[in-house]
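Computed from heavy atoms alone, side chains included, the values below leave out hydrogens, waters and symmetry copies.
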Amino acid sequence: MGLVYPLPSIRHSASAKEIRLEDCLGKTVLVIGGGGREHAIVDALSRSPQVSKIYCAPGNAGIGEQAFSVPIRDTDVAGLLAFAKEHEVDLTVVGPEAALSAGIVDAFRAEGLAIFGHTKAATQIESSKEFAKKLMAKYDIPTASYTAFSDYQEALDYVKGRPFPAVLKYDGLAAGKGVVIAENLEEADAALKSMLLDESFGKGRVVVEDFLTGPEFSFMCFVNGTDVFPMPLSQDHKRAFDGDKGPNTGGMGAYTGLPFITEEDKEFAYKNILCKAAGAMVAEGCPLTGVLYGGLMKTPAGIKVIEFNARFGDPETEVVLPLLNSDIYDIFYGIATNDSRIVAPVWEEGVTLGVVLASKGYPGHYQKGYPITGLACVKAMVYHMGTAITDDNLVTNGGRVLMVVAGGKDVADARKKVYKEISKINCDNLFYRTDIAHCALDK
């Protein structure tokens, strides 16, 4: 079907058909999740000469081209554990934060199974904004000052006495949608009612932060205790529409090769934020054993943490992992088994850019089941985020549906390639931003 194509100078991924022809003497891997991030993980694993079979639970239509889809929910810990045992899985890789927060790593390790990801205790660095804030305050990691509330009226009274914009964060997992930057009291009131009274994301507290200014960027690292291996920097675009307008989403695009971040900036962030956070988690008795994602901002007062995530970012993973030259199985398995011999990954020197195609109405109400055609003509990587097969036709099956990724000699070159390839995709119910990487290109 031509769903995935290689970037220039990057090795072609093995297709599911090729995997099935293997003699299966290599390693068997189970990837947990079913979005674009997991498609990128599966794609990277398919390039490993050590891996002969990949399962993905639950997977999606595009992932099914490179792995065997397994109809088990990513939070069904018991079901996934039983599957891994029955199919003699050598390594499990966890994508979504919900699975980590459900304790899947703890359950697998209790049964002696190798699994890449953080324990439930370590996942608190993402699953609880207040935990992360307390950690940063205790270990002198630069971030905005904050106050946490569980009572709606107390939170509203506090916000009334502060300048706007106000940053309001739900203290828990919210699929990337639990942050509101309120420009006025009306917006703040609506957000606080949603989070604390309506419990839109579940029962939890709200963290109110100082509003910071400056360009945001994502800094992901592989972490094994105090060993921290940096990945290429990237920047994603959270707002739904051009010009960074509209509601927050899970991400509408991303790119690497950030011209506004210097080597000195990167070194500061690595040593004083990512490494310090990894050391802090060890000191707190819940060491990190997976990916630490730093959502950072370059403010006039220096680089500060906006948020930490306990897993690969989405859509950042889709533009970062195609640049990996090292065998990702070695990295995943080494961290999963606490192997001190892990070597630093080697990365391609290129630049990548990806644009998300989303269902009209996202991140609000949207419809599914719209046919998608034209992918066979696309000469770029296409990661599936929310697709399915219905009556032998590829159809939309989520808010974010596809992500088209291309490499280039620079950001402008990569962006030109991506939008050219997107024009070949046909679907009556998709929209996308036309200004991805505007921070790097629009003067």
Side-chain angles (χ1 to χ4, degrees), residues 4-13 36-37 39-40 43-44 47 214-221 229-239 241-244 251-270 293-298 303 312-326 328 344-357 377-383 402-425 432-443:
V4 179
Y5 289 82
L7 290 170
S9 77
I10 294 179
R11 293 168 291 170
H12 189 13
S13 306
R37 165 182 51 213
H39 195 172
D43 183 53
R47 299 196 295 269
E216 294 186 41
F217 63 102
S218 304
F219 196 165
M220 298 189 292
C221 295
F229 303 102
M231 303 185 208
L233 303 182
S234 59
Q235 184 184 57
D236 78 330
H237 295 62
K238 288 294 187 187
R239 296 286 188 166
F241 309 126
D242 285 5
D244 293 323
M252 294 298 294
Y255 67 102
T256 63
L258 313 184
F260 52 87
I261 301 298
T262 66
E263 283 300 316
E264 290 76 15
D265 291 334
K266 183 176 180 179
E267 187 69 11
F268 175 87
Y270 175 71
Y293 168 113
L296 312 180
M297 178 179 282
K298 185 175 180 178
I303 295 174
F312 282 111
D314 190 353
E316 294 94 338
T317 305
E318 291 92 313
V319 296
V320 169
L321 286 190
L323 295 172
L324 181 63
N325 278 336
S326 300
I328 201 167
V346 177
W347 300 92
E348 191 88 15
E349 295 252 340
V351 168
T352 51
L353 184 144
V355 176
V356 171
L357 284 70
C377 300
V378 176
K379 296 180 180 178
M381 301 186 75
V382 180
Y383 290 121
L402 299 168
M403 184 170 179
V404 181
V405 179
K409 63 179 185 292
D410 54 32
V411 177
D413 183 43
R415 182 161 84 164
K416 181 179 178 181
K417 290 177 181 177
V418 166
Y419 284 115
K420 177 183 177 182
E421 298 307 316
I422 285 176
S423 68
K424 301 174 183 178
I425 299 173
Y432 56 90
R433 285 184 56 163
T434 64
D435 66 343
I436 298 302
H438 67 86
C439 289
L441 297 175
D442 299 344
K443 304 299 182 183

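Ala406 and Lys417 make their closest contact through CB-CB, 3.9 Å (heavy atoms, listed as atom of the first residue, atom of the second, distance). In terms of heavy-atom proximity, Gly407 sits nearest to Ala414 at C-CB, 4.1 Å. Minimum interatomic distance between Gly257 and Val411 (heavy atoms only, all atoms of both residues): O-CG2, 3.4 Å. Among all heavy-atom pairs drawn from Phe219 and Tyr270, the shortest one is CE1-N, 3.8 Å. The shortest heavy-atom contact between Phe260 and Cys439 is CE2-CB, 4.2 Å. Nearest approach of Asp435 to Gly243, heavy atoms of both residues: OD2-N, 2.7 Å.
Expressed to the nearest 0.5 Å, how far CH2 of Trp347 lies from CG of Asn325 amounts to 9.5 Å. Residue Met252 holds its CE atom at 11.5 Å from NZ of Lys238, rounded to the nearest 0.5 Å. Within the model, atoms CG of Leu233 and OG of Ser218 stand 9.0 Å from one another, a figure rounded to the nearest 0.5 Å. Taking CD of Glu264 as the start and CD1 of Ile303 as the end, the distance is 10.0 Å to the nearest 0.5 Å. Glu349 CD to Leu323 CG: the interatomic distance, rounded to the nearest 0.5 Å, is 10.0 Å. Rounding to the nearest 0.5 Å places OH of Tyr383 at 4.0 Å from CG of Asp43.
Look at Asp410 and Lys416 and you find no salt bridge, because none of the NZ, NE, NH1 or NH2 atoms lies under 4.0 Å from a carboxylate O. The pair Glu263-Lys266 does not meet the salt-bridge criterion, since no charged nitrogen lies less than 4.0 angstrom from a carboxylate oxygen.
A donor-acceptor pair under 3.5 Å is formed between the side chain of Glu421 and the backbone N or O of Lys379. Checked by atom type and distance alone, the side chain of Arg47 never pairs as donor or acceptor with a backbone atom of Ile328 at under 3.5 Å. Using modelled atom types, one side-chain atom of Ser326 and one backbone atom of Val346 make a donor-acceptor pair closer than 3.5 Å. Proximity of a side-chain donor or acceptor of Thr256 to a complementary backbone N or O of Thr352 within less than 3.5 Å is detected. Put simply, the side chain of Arg415 gets close to the backbone of Ile436: a donor and an acceptor are under 3.5 Å apart. Within the 3.5 Å criterion, the main-chain N or O of Asp314 finds no donor-acceptor partner in the side chain of Thr317. Checking side-chain atoms of His237 against main-chain N and O of Asp244 turns up no donor-acceptor pair under 3.5 Å.
With sequence neighbours excluded, the residues satisfying salt bridge (charged side-chain N to carboxylate O under 4.0 Å, His left out) with Lys298 are Asp265.
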(request) Test Val319 against Met403 for side-chain contact (heavy atoms from CB on, under 4.5 Å), laying out the working first. (result) CA-CA 10 Å; Val319 296; Met403 184 170 179; 3.9 Å; yes
(request) Could you go through the side-chain contact (heavy atoms from CB on, under 4.5 Å) check for Phe312 and Val320 one step at a time? (result) CA-CA 10 Å; Phe312 282 111; Val320 169; over 6 Å; no
(message) Apply side-chain contact (heavy atoms from CB on, under 4.5 Å) to residues Gln235 and Ile261 and explain how you reach the verdict.
(response) CA-CA 11 Å; Gln235 184 184 57; Ile261 301 298; over 6 Å; no
(request) Determine, stepwise, if the pair Arg239 / Arg433 fulfils side-chain contact (heavy atoms from CB on, under 4.5 Å). (result) CA-CA 9 Å; Arg239 296 286 188 166; Arg433 285 184 56 163; 3.9 Å; yes
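His438 and Asp242 share no side-chain donor-acceptor pair at under 3.5 Å.
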